[in-house]
Amino acid sequence: MIYFDNSATTKPYKDVLDAFVTVSQAYFANPSSIHSKGGESERLLQQARKTVSQLLHVKPQEIIFTSGGTEGNNTAIKGVAMQYATRGKHLITSAVEHASSFETFHALETLGFDVTYLPVDEEGRISVDELKAAIREDTILVSLISVNNETGTIGPIEEVGKLLQEYKKIYFHVDHVQGIGKVPLSFTKAGVDLCTISGHKVHGLKGTGILYKRESVLLSPLLTGGEQEGSVRAGTENVAGIVSLAKALRMTFEYMDAGVRNMEKITSYMRDELEKLPSVVINTPKTQCAPHILNFSVEDVKPEVLIHALDQKEIYVSTRSACASKQTGASRVLLAMGMKEKRASSAIRLSLSYENTMEEAEIVLRELKKAVTELQEIMR
Amino acid sequence: MDYIYLDHAATSPVHPDVVEAMVPYLTEHFGNPSSIHHFGRKTRQLLDEARLVAAQSIGATPNSIVFTSGGTEADNAALFGTALAKKETGRHIITSQIEHHAVLHACARLESEGFEVTYLPVDETGRISLSELKAALRPDTIIVSIMYGNNEVGTLQDIAAIGELLEAHQAVFHTDAVQAYGVLPIDVNELKVDLLSVSSHKINGPKGVGFLYIREEVALDPLLYGGEQERKRRAGTENVAAIAGFKQAISIMREEGMEKAARYEAYKQKMLSIFTEAGITFLRNGEQEHTLPHVLNVSFPGVKTEILLVNLDLARIAASSGSACTAGSLEPSHVLTAMFGKQNRTKEAVRFSFGLHNTMEEIEQAAQETAKIVKRLQK
């Protein structure tokens with residue numbers, strides 16, 4: 001079995017799982033309860049918050065635990081929009097954001113906000129000059145993805161952050177779901193005000209996530225009710241999930257250097273090999289791209305068919321974002337990069353974890369070549 | 001003495017079988033249900049099964065179940081989603097003064113966004129009046145949100161009668177059944193509710209998961225936008241393992257049936273009789289007949305809530321002042337205030353709530369210990 005779909009979701013680390021099971025059973029009390037059982041849960045929660053804040057070099061009170069990346073993006077974007085609507089109703093984002101940002105912006109348009117969707121170049125990157133030109137008196141938010149989930153393209157986050165230093169009234173949100181553990185991002189250096197992270201993309205559990213919120217930023221909460229998470233996110237805390245998330249993040253950071261080097265070696269080798277195939281065209285840029293994603297199109301072969309062929313060989317890859325897997329046709333992201341319909345609708349995404357090996361890559365390449373040749377013969 | 005946990009309404013221990021049901025979905029079946037390969041199909045299958053189990057537990061169709069991150073999200077999604085979807089047909093909302101804050105704070109936000117909210121009062125037992133509800137209904141009422149069983153005092157509302165009353169009205173009927181689910185039989189068609197919120201960690205399932213029942217013809221704007229999960233009604237990668245655990249918890253709940261209700265009722269009577277025998281003064285808060293079997297709320301005149309709770313904790317008994325979500329607050333409970341105004345008993349109330357692993361022996365021990373402490377403090 002070879003799992004090359006780590007951008008869709010990852011397998012939880014053993015220690016993460018153990019932490020989850022232990023906490024679920026031994027520390028089940030509600031952290032808001034004032035009895036000592038509640039106190040024990042509350043301390044675990046505080047410890048997890050401290051661990052995460054240290055790993056991210058921020059303050060504990062700047063960490064908001066969420067139910068995942070989608071909630072993080074929705075909370076940040078809608079939260080700023082609603083909170084600061086009286087200042088202005090203009091928002092800036094890009095054409096290649098994850099659906100959880102993209103669709104939130106669409107929803108905000110129906111609520112009277114004006115959204116600029118910056119175009120991207122053929123590598124999937126926005127232009128900082130175009131961003132600068134799009135800024136208006138009433139702009140309150142810039143929200144960008146740091147590492148594109150389909151192509152692995154790294155966006156100019158630091159440059160944008162630097163530019164936005166001159167605009168004190170504009171908040172900067174970064175969707176770092178694919179970047180965490182793969183592409184370093186300093187919140188301070190990049191002037192990030194809000195940053196979304198998901199647990200299950202870093203060998204944590206589904207249903208867990210982090211939203212970093214600079215202390216000075218106010219958010220109109222998406223979930224309202226109890227006073228948990230500084231009243232920014234109501235709901236009984238998923239203590240076991242949160243503790244296991246802190247563990248997953250710590251392990252990820254521990255293994256990161258070696259893991260990234262390993263993934264770089266594999267993706268670069270696979271890129272070289274795939275480029276040799278006449279019907280394959282690589283969609284992930286050569287430079288400024290994440291180490292774990294390699295996206296390519298095989299013309300004349302339906303990606304779903306190729307995926308099923310690989311599935312038979314116990315090799316698991318994907319077409320694009322899992323969240324958009326039910327959509328057929330061209331990828332919105334690839335189209336925005338200027339690709340023709342045909343190329344944009346025949347993409348395959350390989351996404352690695354630290355544990356994948358060169359041997360696995362060899363097998364994947366071999367089976368891919370075989371499957372492509374066979375399928376092309378059928379199509380002919 | 002082992003710790004006696006009488007705070008199951010705040011959260012409940014995860015059933016051992018529940019953890020066991022989750023583990024495979026954290027190890028070998030870890031795929032994203034939206035993925036079209038083997039791993040995705042495996043978890044998609046679990047989601048379908050869990051949806052069916054959840055639906056059957058309330059007499060609903062699988063398509064009407066939307067998995068959420070918990071009770072708060074379900075309540076928020078119900079209120080914000082309906083308000084947004086129906087704002088063209090009206091902007092009036094009816095709820096009660098004793099709802100959970102997940103409903104009340106959502107209503108307050110909607111007020112700030114131009115909606116008008118009627119907060120129905122309750123009597124001294126914590127019940128709303130049907131005729132007052134009827135009188136409050138207007139042609140532009142779009143939501144009526146009334147909780148099934150109150151989390152602090154246990155009082156039940158006559159949900160079936162409200163459902164009946166609203167049948168001919170355009171308003172969508174939402175009930176927060178977070179506390180009632182698991183201890184009372186619920187059938188959404190008999191009750192004629194359109195939306196119903198449930199939380200997993202109150203029925204020995206994991207935290208971070210719940211569901212919102214949405215009657216099939218009812219349209220809601222989503223709270224979370226993004227992917228096409230949950231038929232576009234709730235974006236975000238599904239929390240598969242937690243849903244597997246929740247499914248197991250629901251199955252256990254259904255197998256056990258409602259036999260536990262009688263056991264909890266016996267616990268309640270035992271505690272009360274021990275208090276009586278001990279000769280301490282106490283006032284029972286809430287309805288005696290129409291009540292959640294697992295919730296007992298009692299005021300001990302002359303003994304402040306916080307002081308009693310600290311003493312109970314020292315005696316290794318976990319109880320609470322009411323809602324865990326507001327446990328840190330010094331204000332008297334909004335529920336007791338709605339029932340009793342400024343009477344002292346609102347500051348002298350303690351909630352005992354029963355659940356898994358509790359035994360009659362523990363209950364007796366806890367009641368005797370409580371009586372002892374109260375006797376000392378009431379002097």
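Values below: every heavy atom of this structure, side chains too, minus hydrogens, waters and symmetry copies. We name chains A, B, ... by the order of the sequence lines, and we start the count at 1 in each one.
- Between B:Leu224 atom CG and A:Ser67 atom OG the span is 6.0 Å, to the nearest 0.5 Å.
- Listed options B:Gly31, B:Gly70, B:Pro16, B:Ala241 were ranked by heavy-atom pairs under 4.5 angstrom with chain A; first place goes to B:Gly31.
- In this structure, chain A has a heavy atom under 4.5 Å from the side chain of B:Val19, while its backbone stays farther away.
- Aromatic rings from A:Phe102 and B:Tyr225 are positioned such that their centres are separated by 6.0 Å or more.
- Looking at B:Leu309, the atoms closer than 4.5 Å to chain A (heavy atoms on both sides) all sit in the side chain, from C-beta outward.
- A heavy-atom distance below 4.5 Å is not found between the side chains of A:Asp311 and B:Ile36.
- Considering NE2 of A:His308 and NE2 of B:His37, their distance stands at 10.5 Å, rounded to 0.5 Å.
- When the salt bridge (Lys or Arg N to Asp or Glu O under 4.0 Å) test is applied to A:Glu42, no partner is found at least two apart in sequence or on another chain.
- When the candidates A:Val317, A:Leu223, A:Asn74 are compared by the number of heavy-atom contacts under 4.5 Å with chain B, A:Asn74 comes out ahead.
- No part of A:Val16 comes within reach of chain B, as not one of its non-hydrogen atoms sits under 4.5 angstrom from that chain.
- Within the 4.5 angstrom heavy-atom criterion, no atom of B:Ser199 approaches chain A.
- Contact annotation for B:Ala318: both backbone and side-chain heavy atoms come within less than 4.5 Å of a heavy atom of chain A.
- Proximity of A:Ser24 to B:Lys207: side-chain heavy atoms (C-beta onward) are nowhere separated by under 4.5 Å.
- The shortest distance between side-chain heavy atoms of B:Phe30 and A:Pro12 falls below 4.5 Å.
- Using a 4.5 Å cut-off between heavy atoms, B:His8 does not touch chain A at all.
- Taken to the nearest 0.5 Å, the CG atom of B:Leu312 stands 10.5 Å off from the NE2 atom of A:His35.
- For B:Ala235, the parts lying under 4.5 angstrom from a heavy atom of chain A are both the backbone and the side chain.
- Contact of A:His106 with chain B is not made at all, since no heavy-atom distance falls under 4.5 Å.
- Atom NZ of A:Lys302 is surrounded by 12 or fewer heavy atoms from other residues, nucleotides or ligands within 6.0 Å.
- Note that OG of A:Ser33 is 5.5 Å distant from OH of B:Tyr5, once rounded to the nearest 0.5 Å.
- Side-chain contact between B:Thr72 and A:Thr224: absent, with no pair of heavy atoms (C-beta onward) separated by less than 4.5 Å.
- Atom NZ of B:Lys347 is surrounded by 12 or fewer heavy atoms from other residues, nucleotides or ligands within 6.0 Å.
- Only the side chain of A:Met1 comes within less than 4.5 Å of a heavy atom of chain B; its backbone N, CA, C and O stay farther away.
- Under the 4.5 Å side-chain criterion, counting only non-hydrogen atoms from C-beta, B:His105 is not in contact with A:Ser231.
- Within the 4.5 Å cutoff, the side chain of A:Gln25 has no heavy atoms near those of the B:Val14 side chain.
- At least one side-chain heavy atom of A:Phe20 sits under 4.5 Å from a side-chain heavy atom of B:Met22.
- Summarising the geometry of B:Gly226 relative to A:Glu103, their closest heavy-atom pair is O-CG, 3.5 Å, with the distance given to 0.1 Å.
- Interface residue A:Asn238: backbone and side-chain heavy atoms are both found under 4.5 Å from chain B.
- The part of B:Asn76 that comes within reach of chain A is its side chain, from C-beta onward, which places non-hydrogen atoms under 4.5 angstrom from that chain.
- Only the side chain of A:Ile307 comes within less than 4.5 Å of a heavy atom of chain B; its backbone N, CA, C and O stay farther away.
- For the atom pair B:Ser35 OG and A:Asp5 CG, the distance stands at 4.5 Å (nearest 0.5 Å).
- Taking chain A as the reference chain and counting heavy-atom pairs below 4.5 Å, the highest number among B:His201, B:Arg109, B:His15 is found for B:Arg109.
- Side chain of B:Asn32 to backbone of A:Thr9: no donor-acceptor contact under 3.5 angstrom is found.
- Each of A:Ser198, A:Ala29, A:Gly241, A:Pro31 has some count of heavy-atom pairs under 4.5 Å with chain B, and the biggest count is that of A:Ala29.
- The distance between the ring centers of B:His38 and A:Tyr316 falls below 6.0 angstrom.
- Note: A:Thr10 leads A:Asn73, A:Thr10, A:Val239, A:Val21 in heavy-atom pairs under 4.5 Å with chain B.
- Among B:Pro206, B:Ser69, B:Pro13, the residue making the largest number of heavy-atom pairs under 4.5 Å with chain A is B:Pro13.
- When heavy atoms are compared at a cutoff of 4.5 Å, A:Leu205 approaches chain B solely by way of its side chain, counted from C-beta outward.
- Neither the backbone nor the side chain of A:Ala240 has a heavy atom closer than 4.5 Å to any heavy atom of chain B.
- With a 4.5 Å cut-off on non-hydrogen atoms, B:Ala77 does not touch chain A at all.
- One distance of note links CZ of A:Phe28 with CG of B:Asp7; it measures 8.5 Å at 0.5 Å rounding.
- Taking the ring axis of B:Tyr3 as reference, the NZ or CZ atom of A:Lys37 stays within 45° of it and closer than 6.0 Å to the ring centre.
- The most heavy-atom pairs under 4.5 Å with chain A, out of B:Gly71, B:Gly40, B:Ala319, come from B:Ala319.
- Only the side chain of A:Tyr3 comes within less than 4.5 Å of a heavy atom in chain B; its backbone stays farther off.
- Applying the salt bridge (Lys or Arg N to Asp or Glu O under 4.0 Å) rule to A:Glu97 yields no partners; only residues at least two apart in sequence or on another chain are considered.
- For the pair A:Lys206/B:Tyr25, no side-chain contact is recorded, criterion being any heavy-atom separation below 4.5 Å from C-beta on.
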